[in-house]
Each structure stands twice: as C-alpha cells, then as structure tokens.
Amino acid sequence: MKQPYDIAIIGAGICGLAHALAAAKRGKRCIVIERNLAAVGASIRNFGFITVSGQERGACWQRAKRSRDIWADIAGPAGISITQRSMLVLAQNIETLNVLEAFRNDDMGEDCRLLSRSEMEHYTDLKTSHLKGALLSPHELRVESKDAIPQLTRWLAEHWGVTFLWGTTVHTVEPPHIQTSQGTIHAESVIICPGDDLRTLFPERLSTYSLTRCKLQMMRLASGGIQANTPAIMSDLGVERYRGYHHLPGHSALKRCLQRDKSAALAAGVHLIAVRSADGSQIVGDSHVYMDEPDPFTDAGVDELILTEHDSVFKHTPPVITRWNGCYTSGPSTMVMDRVSDSVRIVLITSGTGASTSFAIAEETLTDLWG
Ligand SMILES: Cc1cc2nc3c(=O)[nH]c(=O)nc-3n(C[C@H](O)[C@H](O)[C@H](O)COP(=O)(O)OP(=O)(O)OC[C@H]3O[C@@H](n4cnc5c(N)ncnc54)[C@H](O)[C@@H]3O)c2cc1C
C-alpha cells in the first residue's frame, strides 16, 4: 500500500465514492476502507434515480443539479449506462395538478412542462384516461445502482488510482492513525461516510443530530409493465412526500385529499416511483418506516400498497420477481457534515437523496477541509 495517504475515506457507498472522486480530481492519494467485501448498503438498494425536481428548495436542489451534471460527465468514461432520462409526475387528482401547476410556475419548475392530453396518450403503458394531468421534468437521470456502484468503484481504482481496502472495519480515527481490523492505516485526513451505521465511529457526536433510521421496501417487477420511452414515474403520493413541493400553494389541500383517499399508503410512508431497467423489468417502491433499530422483516401488506399504487397508474402490473429492504439515516436536515477536528469530517445523507446529491456534497466537504 502507498502509505501514508493524503486522505482515507471510510465507506464505499455512493457518499464515500463521491468523496474519493473529488479527492482524486485534486490529485490526492486516496484510500477507501469498507467493512464489507463490496458495497451492499443503501447505495445499491435504491432506484438509482438522480432526482432534481422535488428536491428541497435551496442547497439540496442545487446539489442535485450539480450531482446530476457530474453523473452525466462520468457515466461514459466509467462505463455506466444511463437507463432513463427525465421524470413524469402524474396528477391522479385535481389537487395534485394544482401543486404541479404551481411548481411549473416556480423558479424550480424551470424547463418543466405540463403535458397536453394527446401528449399523455403517447404513454400507452399508463392509464392516462384516469389522469388529470402530468408534469414532465427533463432534469432527471437514472442508473442501475447494482451495476453502477461497482462500475464507479472500478473506474476510481483503474483510472484515478484510488486504493480500496475491502472487508476492513475501521475502529478508531485519530489521524494520521486509523485503527482497522486489518491493522493501522496512515492518512493525513479522514472522511467518514458510514451510511446508517451511527454507532461505530463517534456515536457521541452523531447522537447530537436527532438522527434515526428509515426502513424502505422495494420490488422488481418482471418486464412488460413499462415501455422503453416512458420516463421515470412518480405518482401523487410523491408530490405529497418530496420536500420541494411542500412550500407551494395547494400542498395542504393535496395532503387532505390523500389522507381521505390513501390513508393506509400515507401511514406506511408509501409513494410510487417506477423506473425501467435495460431488460425491461422495473424497480418499484417504496415505503418509509422510521425507527432506531429497523426490523429485518418485509411486510407483505406494505408491498401490496405499493403494488396497488402501481396498478392505479400502469395498465399492467407484472409479477414481482425480487423483493428487498433498504435502510438509510434520517434527520431533520437533508445532510450532516460534522467537523470532528481540522482533519476529520463525518458526512451523512439524512434524507434519502444520496444518489442525487453526493457528488456535490463531496466537493463541498473537500472545500471545507482544504479550501
Ligand atoms: C430503498 C432505497 C431507495 C432509495 N432511492 C434513492 C433514489 O432513487 N435516489 C436517491 O438519490 N437516493 C435514494 N436513496 C438514498 C440513497 O441510496 C442513500 O442516501 C445513499 O445510498 C447513502 O449512501 P452512503 O454511502 O452514505 O451509505 P451506504 O450506501 O449505506 O454506504 C455506507 C458504507 O459505509 C460502510 N461502513 C460504515 N461504517 C464503517 C466502518 N466503521 N468501517 C468500514 N466501513 C464502514 C458500510 O459497510 C457501507 O458500505 C434510497 C435509499 C434506499 C434505502
């Protein structure tokens, strides 16, 4: 190993990889230390949906735009396929349409547009006759995370010279010494990107941020439900949920409408995102249950709520071929950067937006660390 390193990054999820890229671009010698033999956390369990429209106004929205641009720049060189572009947000009722109209007229609605009835009918896989309208956002990208994260890892190693140390748990961080299950690593600076592990490193500091964890249920459906030219789909429950719509006129009325019509889905934190993979299958989800110690059990009733929502907008809901859970750290703000010392930072994405914002957050962390 090329010790000592300029920087060690703990965690090989998207947050850690984004920091490795930002450090490597600055010419720094970088090592990524990961407890598991591959990244198997939230970063490969998600939709791979790089979402701009709907992100919280201000820093989060700006970070999503910057991160989307970085995904677009690196996808080709890293061999990552962009499997979908843009997003269609479906208005299943007039209250949702009112919020989407307000969004379109907001500065965050730049380049988004409401589709005409004939444009909606173009999407023959959707139950368009049931819809009051739809907003097309051109800003989104989608990658297949289970492939994209290993591809990004390989590219960082081969093209940028980043060292990866797998199957290695970090026990303590006191630069230049990092004590791990494989011995001591030497690095001048350290960035800790631990995902939803809030107990191994600096738990006393993390306990001050009012953090908890969020468990989500996801499914993959067989091919045949979504056609190749359909963008990523979000339904009205997503408009209720995503923070970027919360300030808009009509949002309270939408919430009341969904509490009346979809109370079980709201109670389970269910909303619908449906994205298409290259083989025609689709990932659909998800649900949100908040607890400090998420249980490992998939609730069939919650999956049913997600499939019911899918069925309400798609003409065909193919059989489920895979089910899984994911978990992320959740907190009052969209992310946390904790300054442990002059040379150590902890970075947590606390809003389920890491695929969409990590690249920009990594640039900010390194500016904070090195100027
Ligand atoms: C089901 C689901 C769907 C989602 N959908 C989307 C989406 O479509 N778009 C979006 O933007 N975001 C989405 N998210 C959120 C996004 O996936 C997360 O915000 C992001 O993956 C967090 O990345 P991370 O690197 O911080 O965490 P992780 O991917 O969990 O990685 C953290 C890594 O740190 C390692 N680690 C922790 N402690 C140590 C230690 N002491 N020593 C060594 N290694 C350690 C862990 O083993 C782990 O591999 C979703 C999340 C889930 C769960």
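The basis for the numbers below is simple: all heavy atoms, side chains too, and nothing from hydrogens, waters or symmetry mates. One-based numbering, in listed order, for ligands and for the atoms of each.
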query: If you measure every N/O of Val170 against every N/O of ligand 1, is any gap under 3.5 Å?
result: yes
So is there a nitrogen or oxygen of Asn36 less than 3.5 Å from a nitrogen or oxygen in ligand 1?
yes
With heavy atoms and a 4.0 Å threshold, my read on which part of Ile44 contacts ligand 1 is neither
heavy-atom search around atom 48 (C) of ligand 1 in the protein gives Glu34 OE1, 3.5 Å
Report task. Mind telling me whether His251 and His246 have parallel, tilted or perpendicular rings, with 30° and 60° as the class edges? Result -> tilted
So the atoms of ligand 1 within less than 4.0 Å of a heavy atom of Ser356 turn out to be 9 (N), 10 (C), 11 (O)
Can you confirm, on distance only, whether ligand 1 has an N/O atom lying under 3.5 Å from any N/O atom belonging to Phe49? yes
Handout entry: Gly326 N/O to ligand 1 N/O under 3.5 Å
Key = no
Thr168 near ligand 1 by a heavy-atom separation under 4.0 Å: yes
Looking only at protein heavy atoms, what sits closest to atom 50 (C) of ligand 1 is Asn46 CB, 3.3 Å
*With no hydrogens and no angle check, is any side-chain donor or acceptor of Thr357 less than 3.5 Å from a backbone partner on Ala64?*
no
Among Cys15, Pro194, Ala39, Ala12, the residue with a heavy atom nearest to atom 25 (O) of ligand 1 is Cys15
Checklist entry - Quick check: does Thr169 get an N/O under 3.5 Å from an N/O on ligand 1? => result no
Short question: side chain of Trp71, backbone of Ala355 - any donor-acceptor pair under 3.5 Å?
yes
Q.
Polar contacts were defined as any N/O atom of the residue lying under 3.5 Å from an N/O atom of the ligand; does this apply to Thr51 and ligand 1?
A. no
Taken in chain and number order and not counting sequence neighbours, the residues that satisfy side-chain hydrogen bond (donor to acceptor under 3.5 Å, both in side chains) with Thr124 are Gln227
Under 4.0 Å from one or more heavy atoms of Leu201, ligand 1 contributes atoms 41 (N)
**Asked** Does Ser358 use its side chain to pair, donor to acceptor, with the backbone of Gly354 at less than 3.5 Å?
**Response** yes
The option among Gly13, Ser145, Gly11 carrying the non-hydrogen atom nearest to atom 31 (O) of ligand 1 is Gly13
Q) Just by distance, do the side chain of Glu34 and the backbone of Ile10 share a donor-acceptor pair under 3.5 Å? A) no
In this structure, atom 23 (O) of ligand 1 is nearest to the protein heavy atom Ser43 OG, 3.2 Å
Verify, without hydrogens or angle tests, whether Thr96 (side chain) and Leu254 (backbone) share a donor-acceptor contact under 3.5 angstrom.
no
Residue pairs passing the side-chain hydrogen bond (donor to acceptor under 3.5 Å, both in side chains) test with at least one member in residues 339-349, sequence neighbours excluded, are Arg339-Asp368, Arg345-Asp368
Practice item. Check for a donor-acceptor pair, side chain of Thr350 on one end and backbone N or O of Ser333 on the other, with a separation under 3.5 Å. Key: yes
